Amino acid sequence: MAEVEETLKRIQSHKGVIGTMVVNAEGIPIRTTLDNSTTVQYAGLLHQLTMKAKSTVRDIDPQNDLTFLRIRSKKHEIMVAPDKECLPIVIQNPCEQ
Amino acid sequence: MISRKRSEFGARIKFSDQNASSVKDAYIECTAYPDKNFTLKQLERDVGMQVVPQIKETSTQTRWTCPQNATTQYYPREFLEEEKEALGQSKTLTEFLNSVSTSVEIALQQNEIMNTFIHDWKCLAEEEGTFGDKTDTHLKEYQSFTDLHSLTEKMITCVSWHPVIYGLIAVSVAVRLSLEERVHFSGKLLLQPSLILFWSFSDPIHPQLMLESPDDIFCFQFCPTDPNIIAGGCINGQVVMWDITAHADRIENIKAGGSRSKKVTLKPMFLLEPESNKEAMYIRHCAVSSIESGHRKVITDIHWLPDTFEINRLGNVFENRSGISCQLVTCSADCTICFWDIRPQKALTPQPQAEKKKEESIEIPFDIPTTFLHLDLSWKPLSKIKLSKGETTLDHCPTKLSLSEDNLLFKAQGNCLSQSKAVKAGEMNPYQNLENALNNILKPIDDFCTKFFVGTEEGEVIYTDWKMEKDPETGRFMAKKPVSLYTVHDGAVHTVQRSPFYKDIILTVGGWNVAIWKEGIMTGPLLQSCCAPKRYTSGHWSLTRPGVFYIGREDGYIDIWDLLEKTHEPAQSQNICITMIMYIKPWTFSAKQQFIAIADYYGTLHILEIPWTLSHPSTNEVSSISHYFEREVKHLEYVEQRRIIREQEKREMELELEKKKVKTFQKSKEQLEAELKMDYESYLELEKNILSNLGLSKQKESMSYFVSHYN
């Protein structure tokens, strides 16, 4: 468990990271650094989006798989690294001049 | 009687054609005309129509029962704490995270290194569309105004652009005499009115309006919510109010007067207009403050409090529901700062009837607006703060103030327009019924910064609080002691101004140098310039460029400082006039036109145009200047830390020195003792030897035996 915490801490300490969370396969948050309502919102929405992205990639080429999903918006960048079991989600504010 | 030949009776009649129009009166016309008696209105119309339907088929599976609104309330599924813990321990999670975290970190680092979505090319270039020559950095002379009608020599004490109307500038003039001369010529001075002149760009000779006041005005300001109300501070300590709403039309249509000369030749009717415009309007003040309870000496600075808050007698801040600026703050040479309220104060004791009758008998000239009649001659300040220096009788003599929200005149260009329009559109001008404003129950505002900066005549910059606190000994409310005090300037501080871009950066100009301060940094100024060769007599921030400010010198030169270029000396120097510059005031009319008004000691007001390079900020100027200030703050902190370290070092060195001294002292003391002992012993020996030689004591012979044995 300490390892998990350490890894998450390391990720959280990067420059510009606003929040980190780990969500299981059904969209239920396991670990999070943000408040509950935000976490739940992100988890629900991103879980569905990741599923869609995954199915898209596999439809095009069945031997391919989704490894990483980055959504860049005006204010932040959301990064999702999907796996069979769970989803770590990181929200970062990229450095702007 | 008609006669006819008999043979023609019963004869065949021959018809022939004839052109009707050729012969006159050969025909009678019966033209058709619509006769109203016979018009029929159709009330019914029999029409056939056919509709072609648009068919669309959809189908759903619904239960055809009574349709109702249904809502669902849900909460998301969450794990309990123990489950979370359990999952956190699981190996699969650990392994997975380890494998994934690498890619996540790569992604994060990519973002940190470089922002790939910036258009570098676009960000590189400066904004295009510069007007005018980029190399032209001098202020260009646009116009200058002098009052040619005055008898005595006057100097300008305060300048203010009209917040709304283009090209209108108001100037307060005072007589250029020292106190002795004033007293000497007081009879002559009484005859001449003290004025505030309104100049317009269209007429450089005749002022548009002249506001009269009981004595020379040393500072004045337009009300930020209603530009027709002006408050000024007199040399005798009175606060004077004018209301020029009645003449507002005159000054608004000034631009039309500019083309007057052309119209004169075209239409003779307009010949009358120039004459009526030449006759300048003298407008009397509509209220003055009470002489006994106001300031005793000249008022050096006056400000309107913004319409977002108001204060009560104790200095507590409340929200302002009336939507208008109704309070003023003044500071004067009698070492006090007063807060004034322009609304009628509720009388604490009911006034007896006899006094009321007396007041009514005073005749009011009919052309004075009665807006502030309730204040005239009986206006008392809301609260007074004395800037005392503690036990000594010498008090601080304030010259200029800067409150926390002082960017009224800078923002006024945008806001005032909309507000003044709203005032006109509404039925009643809120200043006409100020009594209503008092009745609102106000909500206090918490954690409002009630501290402000004051510059004094001795060259100090004080940061103090206007909230009164209860003195534990006497139980009265007293002004608080100042938070910080710095003597930075060599002469009187005549400019204390907040930057229009940063709320906590203040510029103070006085004596021979300039200082920039940051609110909250107690260790000292961020920037303090070295002594200039000539005395600085006025200063102002630039309104559009955050690192530029203008300083006027006593020899008529204006120094333009640009913090991005040089911080140790001005970037440019330009000669404006031959005498001391009393006041500088820039103003922006549009993105292309920016003017600066410079008032000099001889009473002339120069209007200069600011070139593009000085008025237009570069793309990152705001952030660059804020970085510069942050660096200065860090520098000050570093200096402070070094000072502490140095003090420590000094103390350590002193301790060492003392220790050394003590050691040497002790050493010498021991040495001395040893030496004394030896001397004594040698003396004892000597004594014995002498005695034994003399053969005086027998006992001592045995002793001497012992002694010699010991020797």
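These numbers were taken from a predicted model, which means no experiment stands behind them. Numbers restart at 1 for each chain; the letters A, B, ... are given by sequence-line order, proteins then strands.
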NE2 of A:His76 to CG of B:Asn111, rounded to nearest 0.5 Å, is 13.0 Å
Passing option when B:Val104 is tested against A:Val80, A:Thr7, A:Val90, A:Ile89 for side chain to side chain contact (heavy atoms under 4.5 Å, CB included) | A:Val90
Could you tell me which residues satisfy side chain to side chain contact (heavy atoms under 4.5 Å, CB included) with B:Glu569, sequence neighbours excluded, listed by chain and number?
-> B:Lys566
Tell me the residues of residues 96-103 of chain B whose non-hydrogen atoms fall below 4.5 Å from those of chain A, in number order.
-> B:Phe96, B:Leu97, B:Asn98, B:Val100, B:Ser101, B:Ser103
Listed partners of A:Thr67 passing side chain to side chain contact (heavy atoms under 4.5 Å, CB included), at least two apart = none
Would you check if there is a donor-acceptor pair between the side chains of B:Gln109 and A:His14 at a distance under 3.5 Å?
-> no
Note: vs chain B, highest number of non-hydrogen pairs under 4.5 angstrom among A:Val40, A:Leu8, A:Asp83 is A:Asp83
Straight-line distance of A:Lys15 NZ to B:Ile113 CD1, nearest 0.5 Å | 10.5 Å
Of the listed residues (A:Ala43, A:Ala81, A:Gly44), which shares the most heavy-atom pairs with chain B below a 4.5 Å separation?
-> A:Ala81
What distance do A:Gln92 atom CD and B:Glu112 atom CD have between them, rounded to the nearest 0.5 Å?
-> 5.5 Å
Among residues 16-24 of chain A, residues within the sub-4.5 Å heavy-atom range of chain B, in order of number, are A:Val17, A:Val22, A:Asn24
